[in-house]
Amino acid sequence: MSHEPSKTNFIRQIIDADIASGRIAAGGVRTRFPPEPNGYLHIGHAKSICLNFGIARDYGGQCNLRFDDTNPAKEDPEFVAAIEADVRWLGFDWGDHLYFASDYFEALYACAEELIAKGLAYVDDLSAEAIREYRGTLTEAGRASPWRERSVAENLDLFRRMRAGEFDDGARVLRAKIDMAAANINLRDPTLYRIRRAEHHQTGNAWCIYPMYDFAHALSDAFEGITHSICTLEFEDHRPLYDWLVEHVTLASRPRQYEFSRLTLQYAVTSKRRLTRLVNEGIVDAWDDPRMPTIAGLRRRGCTPAAIRAFCERIGVTKSDNLVEMELLDACIREDLDATAPRAMAVLRPLKVVLGNVAEDHVEYLALPNHPKDEALGERQVPFTRELWIDREDFAEHPPKGFKRLVPGGEVRLRGAYVIRCDEVVHDADGEVIELRASIDASTLGANPSDRKVKGVIHWVSARFGVPAEIRLYDRLFNVPFPDREEGDFLAFINPASLAIAQGVVEPVLAAADVGARFQFEREGYFCRDAREPARLVFNRTVGLRDAWSKVAGRT
RNA sequence: UGGGCCGUCGCCAAGCGGUAAGGCACCGGAUUUUGAUUCCGGCAUUCCCAGGUUCGAAUCCUGGCGGCCCAGCCA
């Protein structure tokens, strides 16, 4: 019995069968990850990346990184660079196999001429609106364009003049001649090329006609010798067109398309259109805002590549709805970080404690292990002084039932240090607790009192040596599980508490933390030194610790 | 109401005619100087429903029901 979910999936089973039947050689599987550089990669892309690169890795095959850059108006080289960085950061390597669909523009153009020559494509003069009308509806067949029966010679001439720039943008398109009555709308003479005078980030002004996705994608797969072209379910209806193209164009190889269901992460959105709005409308700071489900956002939040890979492994690959709870991602992050993150103490909502029986100038360095289970992570010196900060939530004047932290007259263990007793509570004029007077039991360093049980353990930071830090507490960006499915604008469901900023105090070692370094702040959660503001001491909460107490406390 | 696809625990998911894996979540309980981690135990007599085939059905057949996707010169 495995304790991990089975690593196979229906696509791997298809590949196994293809190898068994001899359709492909054992190490001959070739996949590709084909992003359009019109935005940043998100967690849904991570699923596809892990699938495609994972298959190539496990079968000794090859996975190409291919930018599907057929729409220059929406694309930007900034996104090309970000996508490459994100795929690498996730732990995958495309070797020499970095391609652009735009690398094939000349070859694709030749394929289009071949289709025209075979009488399988024609230049249509209809406007975009007219084409839509002629296409028919889901229940009614479409009608043939009046330009559908042009001669091969005329089509060739017109298409060449389209390329030469003789016509205005949108004046004509090249269409496949398939079947205007097809039940599958994708087969009702789909557009193959459009005229669009836009500077392309890779090809500059070399072209004024650009191929459509269906045309470019299928043929690019064939050019690259892709054996298994894996995409998401919404392209299932496009497969007959994919097959039609790959059949009617003279090609050296015959790729096949397979579809799996895309990931829907609850309490998040992953459509590029919506992510772009979040950025452009300033709802979040940028594509790498830690609340974004982008790879860059997850990275900045402190998530590890291993955690994302484990997540993608666990959600599986099927054709049924993949509506995954955020808790699964959180669990994967905690699992990785629990094993690898050094521990430290940070007080998020400081409350001063003055230890009456500790001398004013007393400084005692306590050697604390950086990890409870991994000695290799070493230890650090933590200064202990008369005045400390503890978290306000670790003290209660009127404790709820079951509270085992500090209370008036009660005792608690300071993590890694002494047991203290709260002797006095100092209030301000409004009755607010502003300070605690306490005393240590000097016999309890590294030892428990023999005559009584001290249940609670709280974390602390020396007031004299502690360092102020901004601590950003991130929560889910939306307050409904499926923002996309709600009525109205999805921005209405933004969680107003998705970011809470705390001005805390951290132990001295953290002042020297590298940017991007991850820690467990004991009893709080996992945090990462923010990489965007290296000049300041800012920590982002990656994920909180599992918290059984809040559940108990919440019940009463 | 055209076409395509999908329905196995709250979520994900194995299963591929021989009698329901696993993970997350949840609920106990043990250990613990993190209310963490770890550990141990519980958690689908039933697989959307109804018929049928079979010695035997989540798996095959038929008919329903429910959900998702498609009418860009986007990908």
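Sequence lines set the chain letters: A, B, ... in the order given, protein chains first and strands last, and positions in each chain run from 1. Keep in mind that this is a model prediction, so the values were computed, not measured. Values below: all heavy atoms of this structure, side chains included; hydrogens, waters and symmetry mates excluded.
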Visitor: Would you mind building the protein contact string for nucleotides 6-11 of chain B? One character per nucleotide, 5' to 3', B for base within reach (heavy atoms under 4.0 Å), S for sugar-phosphate only, - for untouched.
Guide: S---BS

Visitor: Rounded to the nearest angstrom, tell me the gap between atom CZ in A/Phe33 and atom C1' in B/A75.
Guide: 12 Å

Visitor: With sugar-phosphate meaning primed atoms plus P, OP1 and OP2, does A/Arg239 contact a base, only sugar-phosphate, or nothing at under 4.0 Å between heavy atoms?
Guide: nothing

Visitor: Find every protein N or O atom lying less than 3.5 Å from an N or O atom of nucleotides 31-33 of chain B, and list the pairs.
Guide:
{"from": "B/U33", "atom 1": "O3'", "to": "A/Arg415", "atom 2": "NH1", "distance (Å)": "3.3"}
{"from": "B/U33", "atom 1": "O2'", "to": "A/Arg415", "atom 2": "NH1", "distance (Å)": "2.4"}
{"from": "B/U33", "atom 1": "O2", "to": "A/Gly416", "atom 2": "N", "distance (Å)": "2.8"}
{"from": "B/U33", "atom 1": "N3", "to": "A/Arg413", "atom 2": "NH1", "distance (Å)": "3.4"}
{"from": "B/U33", "atom 1": "O4", "to": "A/Arg413", "atom 2": "NH1", "distance (Å)": "2.9"}
{"from": "B/U33", "atom 1": "O4", "to": "A/Gly446", "atom 2": "N", "distance (Å)": "2.7"}

Visitor: A/Tyr526: which residues meet the ring-ring contact (aromatic ring centres under 6.0 Å, His included) condition with it, sequence neighbours left out?
Guide: none

Visitor: Who are the ring-ring contact (aromatic ring centres under 6.0 Å, His included) partners of A/Phe395, not counting sequence neighbours?
Guide: none

Visitor: Please determine, by modelled atom types, if A/Ser102 and A/Asp69 share a side-chain donor-acceptor pair under 3.5 angstrom.
Guide: yes

Visitor: Mind checking side-chain hydrogen bond (donor to acceptor under 3.5 Å, both in side chains) for A/Asp243 and listing every partner two or more places apart, or none if nothing turns up?
Guide: A/Arg254

Visitor: Report the glycosidic orientation of B/G23: syn if within 90° of 0, anti in every other case.
Guide: anti

Visitor: Determine which nucleotide pairs with B/G66, using a 3.5 Å limit on both distances of a Watson-Crick or G-U wobble pair.
Guide: B/C6

Visitor: Checking A/Trp244 now: which residues fulfil side-chain hydrogen bond (donor to acceptor under 3.5 Å, both in side chains) with it, not counting sequence neighbours?
Guide: A/His248

Visitor: Just the table, please: protein N/O against nucleotides 38-43 of chain B N/O, every pair under 3.5 Å.
Guide:
{"from": "B/U38", "atom 1": "O4'", "to": "A/Lys373", "atom 2": "NZ", "distance (Å)": "3.3"}

Visitor: Given that both distances must come in under 3.5 Å, which nucleotide forms a Watson-Crick or G-U wobble pair with B/U38?
Guide: B/A30

Visitor: For A/Arg150, what residues pass the salt bridge (Lys or Arg N to Asp or Glu O under 4.0 Å) criterion, not counting sequence neighbours?
Guide: A/Asp125, A/Glu154

Visitor: NA contact type, A/Arg132, heavy-atom cut-off 4.0 Å: base, sugar-phosphate, or nothing?
Guide: sugar-phosphate

Visitor: Please list, pair by pair, any protein nitrogen or oxygen found under 3.5 Å from a nitrogen or oxygen in nucleotides 27-30 of chain B.
Guide:
{"from": "B/C27", "atom 1": "OP1", "to": "A/Arg555", "atom 2": "NH2", "distance (Å)": "3.0"}

Visitor: If you take atom types as modelled and just measure distance, does the side chain of A/Glu524 reach the base of B/U34 with a donor-acceptor pair under 3.5 Å?
Guide: no

Visitor: Taking side-chain hydrogen bond (donor to acceptor under 3.5 Å, both in side chains) as the definition, give me every residue that meets it alongside A/Glu236, ordered by chain and number, with sequence neighbours left out.
Guide: A/Lys319

Visitor: Going by modelled atom types, is there a donor-acceptor pair between the base of B/U37 and the side chain of A/Arg334 at under 3.5 Å?
Guide: no

Visitor: What pair of heavy atoms forms the shortest contact from A/Ser261 to A/Ser320, and how long is it?
Guide: OG-O, 2.6 Å

Visitor: Taking donor-acceptor contacts at under 3.5 Å, does the side chain of A/Asp237 reach the base of B/G3?
Guide: yes

Visitor: To the nearest Å, how far apart are A/Glu393 CD and B/G35 P?
Guide: 13 Å

Visitor: Any base atoms under 4.0 Å from A/Ile131, or only sugar-phosphate, or nothing? Heavy atoms, all strands.
Guide: base

Visitor: Could you say whether the aromatic ring of A/Tyr213 and the base of B/A75 stack, counting only centre distances under 5.5 Å and plane angles under 30°?
Guide: no

Visitor: Side-chain contact, heavy-atom cut-off 4.5 Å: A/Trp460 with A/Asp394?
Guide: no

Visitor: Among A/Phe215, A/Phe105, A/Trp207, A/Tyr210, whose ring-ring contact (aromatic ring centres under 6.0 Å, His included) with A/Tyr193 holds?
Guide: A/Phe215

Visitor: Determine the interatomic distance between P on B/G22 and the same-named atom on B/G41; round to the nearest Å.
Guide: 12 Å

Visitor: Going by salt bridge (Lys or Arg N to Asp or Glu O under 4.0 Å), name the pairs with one or both residues in residues 131-148 of chain A, residues two or more places apart or in two chains.
Guide: A/Arg148-A/Asp189

Visitor: Please determine, for the side chain of A/Thr139, which listed nucleotide (B/A14, B/G35, B/G2) has the closest atom?
Guide: B/G2

Visitor: Expressed as a whole number of Å, how far does the P atom of B/U53 sit from that of B/U62?
Guide: 15 Å

Visitor: Just to verify, what does A/Thr304 make a side-chain hydrogen bond (donor to acceptor under 3.5 Å, both in side chains) with, not counting sequence neighbours?
Guide: A/Asp336

Visitor: Should A/Thr137 be listed as having a side-chain N or O under 4.0 Å from OP1 or OP2 of B/G2?
Guide: no

